[in-house]
Number of protein chains: 2
Amino acid sequence: MPMTEKYCATNNLEPLVNQQVSHRLAYFAEMQQQLCVRNYGSSNIYDNGFTSLHSNSQHELRTESSHKSIEDNVTESRSVNQKLWPVKACLEMKCLWDEFNELGTEMIVTKAGRRAFPTFQIKLWGLDPDAHYILMMDFVPVDEKRYRYAFHSSSWVVAGKGDPCAPPRIHIHQDSPEKGSHWMKQAISFDKLKLTNNQLDNNGHIILNSMHRYQPRFHVIYDSATGEESKLVNFKTFTFIETQFIAVTAYQNHRITQLKIASNPFAKGFRDCDIDDWYVL
Amino acid sequence: MPMTEKYCATNNLEPLVNQQVSHRLAYFAEMQQQLCVRNYGSSNIYDNGFTSLHSNSQHELRTESSHKSIEDNVTESRSVNQKLWPVKACLEMKCLWDEFNELGTEMIVTKAGRRAFPTFQIKLWGLDPDAHYILMMDFVPVDEKRYRYAFHSSSWVVAGKGDPCAPPRIHIHQDSPEKGSHWMKQAISFDKLKLTNNQLDNNGHIILNSMHRYQPRFHVIYDSATGEESKLVNFKTFTFIETQFIAVTAYQNHRITQLKIASNPFAKGFRDCDIDDWYVL
DNA sequence: CCGTTCCCACCTAGGTGTAAATGT
DNA sequence: ACATTTACACCTAGGTGGGAACGG
């Protein structure tokens, strides 16, 4: 699998992770390696080294009725560590995500980095309270297409072939590594995560192409594997279809803007009515 | 030493430490025990279970000319772990602390908890980069006296016997435990630490008596001791005499108020002149 | 023309001392 | 009297979308 190896070999970890946890790189180096193999090892590889979810039947996205996510690991050839078998994840604020998703979620990307809204938050169950886990997120292009917003029809249309991707980055939750009991105590919020369109970003933010569609993913990594255990698959990936979005430098769909203003406390200054708890966040 | 044992026995750890790190209690239980013995084992014990620094020659405070602190461990009977021998601490913003100290530093205590200013910040050297350490602070009453401010003479005078102390608390730095390399990377700031006069405080803040004098202390704890090593003294305490202060509910010395306003960025609104970088913080 | 960048008014969240009110 | 509490104006620090300016 030469492409995969080449991809991993050129995948310099240092600038890929967010700054808050850079001093813990040793913990994550091997996990990064595993994720590379896992993400791209059995998928169609494009010139830019990236994967298309849609072109890979293993990853084909399907609508889920509940808060449940797609668990990617079921197709793994290696056995999954027992510490991860019972792990379940649930998306917080699912109703709000659904509302955005029905309109076509847009996320602002800026040179300096912009937080995503709604914030990515998950609740975990089934971790070993005393074992150590690392939590991380990454963002997979949904396709290799560039989009534009057709104002006359109020819809997104394909505008051509996708632009080349910067080397993909991962965001490691700042509490990592922590015990299972810590992660299960309350919802885990990725509110430090920022999105940027600056291909040369030096702040460890997630680099995305504007006008491209992305699927966020959550990874739970078992951090205490030793001996024979370390040969098992020591992570589990959760994909919530309703968190898909298109990266933009300015909002295109006015209804998205209005929903952001209505639901994001920091945008309260732009609300028309005084009912500021339309969404209780 | 019945008082010491009684003191430690009634010293329920749970509510003593700040909330941010409460889930890491297991790490600190033994250290707390050691600190109790160490702090109070060879000192005069008062009815309230507290120690007078002044009445104990081993702890007698003396002025230091440089940034150096008093290292308490030299009087220990047990051997100190090698991982701590070369550890040195240096007080950040020493000039500002000196300026406050010459006037007689006052720190506001409130029911809800108030940050100290200047912020307690130290720089560490000599840690093993790969070993894990815990950093904590506590506050020792300088004497068992109550003070009042004599406005006519602009000085603090003894107003009687000290009030009973609440069970002493420790503040564990939120990054604990972390590797030596982490702690030495930059100055360690205890900016999450808050002081309160609420004897029933439930937020893990440091409980102090208003109008009483306190000496802050820094403790570096070696967290990786196993086997024979664990019988050694696995912590080192640093005391910076210039950080001594009197707890107050309202500032008494007007010159302290003015110095706070001049040097604390959050008090900029009370400055007379527009030169807001009189102190570059 | 369309997408991006930049500055800005307006928020959230929380750290200041003040001065009046409230104990004790 | 003196100490403490409370509400508050005024900051820091940083997250919003708007709209003008910029650029291919």
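Proteins get letters first, then strands, A, B, ... in listed order; numbering begins at 1 in each.
- Residues passing the side-chain hydrogen bond (donor to acceptor under 3.5 Å, both in side chains) test with Q258(B) are H254(B), sequence neighbours excluded.
- Looking at D201(A), its side chain does come within 3.5 Å of a backbone N or O of G204(A) through a donor-acceptor pair.
- Crowding of K123(A) atom NZ: a count of heavy atoms from other residues, nucleotides or ligands under 6.0 Å exceeding 12.
- Pairs engaging residues 142-169 of chain B under the ring-ring contact (aromatic ring centres under 6.0 Å, His included) rule: Y149(B)-F151(B), Y149(B)-W156(B) [sequence neighbours left out].
- Of the listed nucleotides (dG15(D), dG14(C), dG3(C)), dG14(C) has the atom at the smallest distance from the side chain of F266(B).
- Taking atom CZ of residue R148(A) and atom P of nucleotide dC1(C), one finds them 14 Å apart after rounding to whole Å.
- Nearer the 5' end of DNA chain D, as judged by each residue's closest nucleotide, is the contact made by Q252(B), out of I108(A) and Q252(B).
- Listed by chain and number, the residues in a ring-ring contact (aromatic ring centres under 6.0 Å, His included) with F218(A) are F190(A), F240(A) (sequence neighbours excluded).
- By the 4.5 Å heavy-atom criterion applied to side chains, L208(B) and Y214(B) are counted as neighbours.
- With rounding to whole Å, K194(A) atom NZ is found 4 Å from dG15(D) atom P.
- Cation-pi contact between K260(A) and F100(A): present, with separation from the ring centre below 6.0 Å and deviation from the ring axis of at most 45°.
- Computed from coordinates, the K192(B) NZ to dG14(C) P distance equals 11 Å when rounded to whole Å.
- When all heavy atoms are compared, the tightest approach of E242(A) to W97(A) is O-CE3, 3.6 Å.
- For dG17(C), one of the phosphate oxygens OP1 or OP2 lies less than 4.0 angstrom from a side-chain nitrogen or oxygen of R114(B).
- Summary for the helix from dC1(C)-dG24(D) to dT24(C)-dA1(D): the axes at its two ends, each from 5 pairs, differ by 0° when rounded to the nearest 10 degrees.
- At least one side-chain heavy atom of W183(B) sits less than 4.5 Å from a side-chain heavy atom of D175(B).
- Going from atom NZ of K260(B) over to atom P of dT12(D) covers 18 Å, rounded to whole Å.
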Between the protein and nucleotides 5-9 of chain C, list every N/O to N/O distance that falls short of 3.5 Å.
residue : atom : partner : partner atom : Å
dT5(C)  : OP2  : N197(A) : ND2          : 2.8

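- Put simply, K268(A) has a side-chain N or O that comes within less than 4.0 Å of OP1 or OP2 on dT12(C).
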Distances for protein N/O vs nucleotides 19-24 of chain D N/O pairs under 3.5 angstrom?
none

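- Following rounding to the nearest Å, Y147(B) (OH) and dA3(D) (P) show an atom-to-atom distance of 15 Å.
- If you take CG of D163(B) and P of dC2(D), they are 17 Å apart, rounded to a whole angstrom.
- Here dG17(C) is the nucleotide among dT4(D), dT16(D), dG17(C) with the atom lying nearest to any side-chain atom of Y251(B).
- Spacing between atom CD of E106(B) and atom P of dG17(C) amounts to 11 Å, rounded to whole angstrom units.
- Partner of P216(A) under the side chain to side chain contact (heavy atoms under 4.5 Å, CB included) criterion, chosen from I206(A), T243(A), D138(A): T243(A).
- Checked by atom type and distance alone, the side chain of E92(A) never pairs as donor or acceptor with a backbone atom of C90(A) at under 3.5 Å.
- Note: CE (M107(B)) to P (dG17(C)) measures 10 Å, nearest angstrom.
- H212(A) contributes a side-chain N or O that, together with a main-chain N or O of D163(A), makes up a donor-acceptor pair within less than 3.5 Å.
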